[in-house]
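The next block holds one structure in the form of structure tokens; read it before the comments.
Naming: A, B, ... by sequence-line order, numbering from 1 per chain.
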There are 2 protein chains.
Amino acid sequence: MGLTKTAIFTERQNKLAQMMKALAHPARIAILQHLVKAQVCICGDLVEELGLAQATISQHLKELKNAGLIQGTIDGTSVCYCIDPKVWNEYKVAIDAFFVSYVNKDGCC
Amino acid sequence: MGLTKTAIFTERQNKLAQMMKALAHPARIAILQHLVKAQVCICGDLVEELGLAQATISQHLKELKNAGLIQGTIDGTSVCYCIDPKVWNEYKVAIDAFFVSYVNKDGCC
DNA sequence: TTCTATTATCGTAATATTGCGATATAGTAT
DNA sequence: ATACTATATCGCAATATTACGATAATAGAA
């Protein structure tokens, strides 16, 4: 049916999956990497940097904003985007905790 | 068009996005968490644990297997799944590197 | 062999995502 | 006001994902 059964899973599982989803596209990875590098929040240069249409970039930016990972501040006619340090860290911690939870006891099947 | 333009991005970006995609579903998170907890590789108990149909679980297991995160060994009529420690670590390292790359210089917009 | 149990695959329906042209919106400049 | 610039949103087409019933495939038991 194409509809994820969120009710079945724990809130943690749903949240973690949603975090991953926000990062599950190369364009969004590229946007974030660009923001990491540029620090000084750049905006629609992304349209030139990546080879995607302005509408497409805007859509990805919206998703990243919904995910909380970036903030946008209006600066004249343009919009200045930057990473939200707090949310970025939340992601980092949550995802790291997931990966750390597994310790290889080497006894597989 | 619904087709991700992989050619535009670097291999690293595509790989990282694909890693995230493999984990971007609560059922797959749940499956992995169960395997982490059980260690002693359990198989289709997952169908009972999670409230999803057998066909659905099998499909998610296939995706995790394609992602390299899990291995399946035939054990009688059932299949014994377990986490692949090597690939798990690769994911951990790659994703951690992504998150570590950002250091908040606090000068946002 | 026949029956049973377990897992994989197929086919299909419902929904989600991706990408972009066209258009709207908002700010600035003339 | 008009013109220009930069973003956002709308609407659509193409493709992907999710879920599951039905069916196949495989291994062991009777």
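Between B:Phe99 and the choices A:Leu23, A:Asp96, A:Val93, the side chain to side chain contact (heavy atoms under 4.5 Å, CB included) rule is met once, by A:Leu23.
Comparing atom distances between the B:Lys5 side chain and each of D:dT7, C:dG19, C:dT9 picks out C:dG19 as nearest.
The line from NE2 of B:His25 to CG of A:Leu16 is 13.0 Å long, rounded to the nearest 0.5 Å. Between atom CG of residue B:Asp84 and atom CG of residue B:Leu64 there is a gap of 12.0 Å, rounded to the nearest 0.5 Å. Distance check: B:Leu52 CG to A:Phe9 CZ gives 4.5 Å after rounding to the nearest 0.5 Å. Taken from CD in B:Gln13 to CD1 in A:Ile31, the straight-line distance is 10.0 Å, to the nearest 0.5 Å. From A:Lys37, atom NZ reaches atom CG of A:Leu35 across 12.0 Å, with rounding to the nearest 0.5 Å. From A:Gln33, atom CD reaches atom CD1 of A:Ile83 across 10.0 Å, with rounding to the nearest 0.5 Å.
Residues passing the ring pair (Phe, Tyr, Trp, His ring centres under 6.0 Å) test with B:Phe98, sequence neighbours excluded: A:Trp88.
Side-chain atoms of B:Lys65 and B:Leu61, non-hydrogen and from C-beta on, never get closer than 4.5 Å to each other.
Distance, A:Asn66 CG to C:dT18 P: 13 Å, rounded to whole Å. Regarding A:Leu61, its CG atom lies at a distance of 16 Å from the P atom of D:dA6, rounded to whole Å. The nearest whole Å value for the distance from the CD atom in A:Gln59 to the P atom in C:dG21 is 13 Å. The separation between A:Glu48 atom CD and D:dT5 atom P is 13 Å, rounded to whole Å. Remark: C1' of C:dG19 and CD1 of A:Ile31 are 13 Å apart, rounded to the nearest angstrom. In this structure, the CD1 atom of A:Ile8 is 12 Å from the C1' atom of D:dT18, given to the nearest Å. At whole-Å resolution of the value, CD1 in A:Ile57 and C1' in C:dT18 are 12 Å apart.
Nucleic acid contact for B:Ser78: sugar-phosphate only, since backbone atoms but no base atoms lie under 4.0 Å from a heavy atom of the residue. Across all strands, A:Leu52 comes closer than 4.0 Å only to sugar-phosphate atoms, never to a base (heavy-atom distances).
For B:Ser58, no side-chain nitrogen or oxygen approaches OP1 or OP2 of C:dT7 to under 4.0 Å. Contact annotation: A:Tyr81 does not reach the phosphate of D:dA6 (side-chain N/O to OP1 or OP2, under 4.0 Å).
For the segment residues 12-30 of chain A, the set of residues with a heavy atom within less than 4.0 Å of an atom of DNA chain D is empty.
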Are any protein N/O atoms closer than 3.5 Å to N/O atoms in nucleotides 21-30 of chain D? If there are, list each pair with its distance.
none

